[in-house]
Amino acid sequence: VCLALLLAALVRSWCFAELPNPDQRTPLEDLKVGEEVDGRVIKKFFPNGWFVNIGATKDAFLEFEEAFDGFPPQKFSTWRKGASLSARILEIHDGKIYITVRSGSLERPPRFRRPPSAQDVEALRNAGQKDWIDGTVCGMAEGGLWVCLYPEGVEPFRSLLRLEHCTDECVKTAYRGLAVRVRITGIDSEKNRVNISMLDPAVE
């Protein structure tokens, strides 16, 4: 028991020894978009991402879609509590700090989280499985990609494109803002859910 307590104390001290004390933390107004920062993961906020201490007066948030280039591999354990990481400041908005581990440009489309309404689902009920719809990746979750859809006669809404219904190339290169073409494969009126796929019917 004593050995276990000692090991736990050592792990805790290792995880947090390099974090600045509250009096030494950087004010939000001194941070800049694009700035490189180092931090440690404080906790996971399921299913959207992780809170990260970057030495600022407020913890930063690492969204799931910003945690890896492309879609995080299924065997990738993502970021555990106490893990260290290097990132860039993606956005500072309404007192919130967003960071990214992804490489490349920091330009992103606006966040979009509107689910389909009962009216949307009813309007799409008669859509056939061969009808293709334009969409844009607007986020990610552990099960797949959130896609903003633009069906005719219906306000844009988002639907989850599950990984098994994505092409391999899409999984490798996925990012927020990626344009995709999907088709409706099913309508769930009870849950107001629209099932989609980017695979050809012959492949599924």
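Here, residue 1 is the first one in the sequence, and each next residue gets the next number. None of the values given here were measured: they were computed from a predicted structure.
- For Arg114 (side chain) and Pro156 (main-chain N/O), a donor-acceptor pair under 3.5 Å exists by modelled atom type.
- In this structure, OG1 on Thr185 lies 10.5 Å from CZ on Arg162, to the nearest 0.5 angstrom.
- Asp188 places a side-chain N or O within 3.5 Å of a backbone atom of Glu190 that can act as its donor or acceptor partner.
- For CD of Glu29, the number of neighbouring non-hydrogen atoms (other residues, nucleotides, ligands) closer than 6.0 Å is greater than 12.
- Distance check, rounded to the nearest 0.5 Å: CG of Leu90 to CZ of Arg88 gives 8.5 Å.
- With hydrogens and angles left out, the side-chain atoms of Asp38 and Ser86 include a donor and acceptor closer than 3.5 Å.
- Of all the heavy atoms in Asp59 and Asn53, the pair that sits closest is OD1-CA, 3.8 Å.
- Using a distance-only test at 3.5 Å, with no hydrogens or angles considered, a donor-acceptor pair links the side chain of Trp50 to the main chain of Trp79.
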Please table the atom pairs, donor to acceptor, closer than 3.5 Å between any side-chain atom in residues 97-110 and protein atoms at least two apart or in another chain.
unit_1 : atom_1 : unit_2 : atom_2 : d
Thr100 : OG1    : Glu66  : OE1    : 2.5
Thr100 : OG1    : Arg102 : N      : 3.0
Arg102 : NH1    : Glu65  : O      : 3.3
Arg102 : NH1    : Phe68  : O      : 2.9
Arg102 : NH1    : Gly70  : O      : 3.4
Arg102 : NH1    : Ala174 : O      : 3.3
Arg102 : NH2    : Ala174 : O      : 2.9
Ser103 : OG     : Asp69  : OD1    : 3.4
Ser103 : OG     : Asp69  : OD2    : 2.9
Ser105 : OG     : Glu107 : N      : 3.0
Arg108 : NE     : Glu66  : OE2    : 2.9
Arg108 : NH1    : Ser105 : O      : 2.7
Arg108 : NH2    : Glu66  : OE1    : 3.0

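- In this structure, Leu160 shares a hydrophobic cluster with Trp146, the cluster being traced through Ile, Leu, Val, Met, Phe, Trp and Tyr side chains under 4.5 angstrom apart.
- What you find for Glu35 and Leu31 is that their closest heavy atoms are OE1-CA, 3.6 Å.
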Checklist entry - Does the pair Val182 and Ser197 meet the rule for a side chain to side chain contact (heavy atoms under 4.5 Å, CB included), with working shown? => result CA-CA 5 Å; Val182 300; Ser197 174; over 6 Å; no
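- Here the straight-line distance linking atom CG of Leu124 with atom CZ of Phe157 works out to 5.0 Å at 0.5 Å rounding.
- Put simply, the side chain of Leu149 does not reach to within 4.5 Å of the side chain of Thr136, judged on heavy atoms.
- The nearest pair of heavy atoms linking Arg158 to Cys138 is CB-SG, 4.0 Å.
- Remark: Ser159 pairs with no residue by the side-chain hydrogen bond (donor to acceptor under 3.5 Å, both in side chains) rule, at least two apart or across chains.
- Residues Ile187 and Val147 fall within the same hydrophobic cluster, defined by Ile, Leu, Val, Met, Phe, Trp and Tyr side chains chained together at heavy-atom separations under 4.5 Å.
- Cluster annotation: Leu178 is connected to Ile133 through the hydrophobic network of ILVMFWY side chains, with a link wherever side-chain heavy atoms come within less than 4.5 Å.
- The side-chain hydrogen bond (donor to acceptor under 3.5 Å, both in side chains) search around Ser117 returns Gln119, Asp120, not counting sequence neighbours.
- Within 6.0 Å of CG in Asp30 there are more than 12 heavy atoms belonging to other residues, nucleotides or ligands.
- Of the possible donor and acceptor atoms, one in the side chain of Lys58 sits under 3.5 Å from a partner among the backbone N and O of Gly95.
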Next on the checklist: Test side chain to side chain contact (heavy atoms under 4.5 Å, CB included) on Met140 and Glu63; report intermediate values, then the result.
Outcome noted: CA-CA 9 Å; Met140 297 184 192; Glu63 296 165 292; over 6 Å; no
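- Here Tyr150 sits alone; no ILVMFWY side chain lies under 4.5 Å from its own, so it joins no hydrophobic cluster.
- Both Ile184 and Leu163 are part of a single hydrophobic cluster, where members link through side-chain heavy atoms under 4.5 Å apart.
- Smallest separation of non-hydrogen atoms from Glu91 and Val33: CA-CG2, 4.3 Å.
- Heavy atoms only, all atoms of each residue included: Lys81 and Ile42 are closest at CG-O, 3.2 Å.
- Of the inter-residue distances, the one linking Lys96 atom NZ with His93 atom NE2 reads 8.0 Å to the nearest 0.5 angstrom.
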Checklist entry - Given Thr26 and Thr57, is the side chain to side chain contact (heavy atoms under 4.5 Å, CB included) satisfied, shown in steps? => result CA-CA 6 Å; Thr26 305; Thr57 51; over 6 Å; no
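- For the side-chain hydrogen bond (donor to acceptor under 3.5 Å, both in side chains) test, residues two or more places apart in sequence or in another chain that qualify with Lys44 are Glu142.
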Next on the checklist: For Leu199 and Cys166: C-alpha separation, side-chain torsions, deciding distance, then whether side chain to side chain contact (heavy atoms under 4.5 Å, CB included) applies.
Outcome noted: CA-CA 7 Å; Leu199 301 179; Cys166 296; over 6 Å; no
Item to check | Residues Phe71, Phe64; criterion ring-ring contact (aromatic ring centres under 6.0 Å, His included); working and verdict | outcome: CA-CA 9 Å; Phe71 191 90; Phe64 187 83; 5.8 Å; yes
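- Counting heavy-atom neighbours within 6.0 Å of Glu155 CD, excluding the residue itself, gives a total of 12 or less.
- Residue Pro116 comes nearest to Val121 through the heavy atom pair CB-CG2, 4.2 Å, listed as atom of the first residue, atom of the second, then distance.
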